[in-house]
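First comes the structure, then the notes that go with it.
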Amino acid sequence: MAIINLRDYYPFYTSDCFMEVSEEVAGIFKEFDRKEAAYRLRIYRHKAYYSLDRDDGLKHEAVFVSLSPHELYERKISMQELHAAISSMPDKQAKRTYAHFILGMTKKDIARAEGVDEKVVRMAIERGLKNLA
């Protein structure tokens, strides 16, 4: 049996808390420490402190900024106003504007999906933006 300090592994422990565990569990904790140290060294060597690869929690926290409740509320109100404005537009203009700006589709993709010329889609979106203004 091995004795480990839980404070070394869990950040919410503020004081030492020693626990007796089996050798297998102690080995798993030591392996985790080695892998974590190797990961940090790899990040340091490759200068990968900030990345847009959001698969890792650390990188996700560096990229993702949590919004305050006030900002969340403002965003919700803005989206409601935007959807109300888009719904007041003619049907085709509304669909094309929504697809381009909200869904992120290109004008060429919208034209291909609807079976029309790209110029028609572009003009509809421009007219829709003028109507919104």
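Quick caveat, the model's predicted, so the values are computed rather than measured.
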How many angstroms lie between NZ in K35 and CZ in R40, if you round to the nearest 0.5 Å? 15.5 Å

At what distance, to the nearest 0.5 angstrom, does CD1 of I125 lie from OG1 of T97? 5.5 Å

Could you tell me if the side chain of V116 sits less than 4.5 Å from the side chain of I110, heavy atoms only? no

Separation between CG of N5 and OH of Y13, rounded to the nearest 0.5 Å: 10.0 Å

Between SG of C17 and CG of D8, what distance do you get to the nearest 0.5 Å? 11.0 Å

When K95, R96, K92 are each screened for salt bridge (charged side-chain N to carboxylate O under 4.0 Å, His left out) with E114, the one that passes is R96

Crowding at CD, E24 (>12 non-hydrogen neighbours, <6.0 Å): no

Are there more than 12 heavy atoms of other residues, nucleotides or ligands under 6.0 Å from atom CE of M1? yes

Any side-chain heavy atom of L129 sitting closer than 4.5 Å to one from F101? yes

Are I28 and I4 linked, directly or through other ILVMFWY residues, by side chains that come within less than 4.5 angstrom of each other? no

Heavy-atom nearest pair, Y98 first then H83, reads CE1-CE1, 3.6 Å

Is it true that K30 and D33 have a side-chain N and a carboxylate O under 4.0 angstrom from each other? no

Are E126 and K130 ion-paired here, with the side-chain N under 4.0 Å from a carboxylate O? no

Side chain to side chain, K108 and E118, heavy atoms closer than 4.5 Å: yes

Rounded at 0.5 Å granularity, tell me how far OG1 in T14 sits from CZ in R7. 8.5 Å

Approximate separation, where rounding is to 0.5 Å, of Q93 CD and M123 CE: 10.5 Å

Crowding at OH, Y9 (>12 non-hydrogen neighbours, <6.0 Å): yes

For the pair Y10 and F29, name the ring-plane relationship: parallel under 30°, tilted 30 to 60°, perpendicular over 60°. perpendicular

Would you sort out whether I102 and L82 count as a side chain to side chain contact (heavy atoms under 4.5 Å, CB included), showing the intermediate values? CA-CA 10 Å; I102 306 298; L82 178 63; 3.6 Å; yes

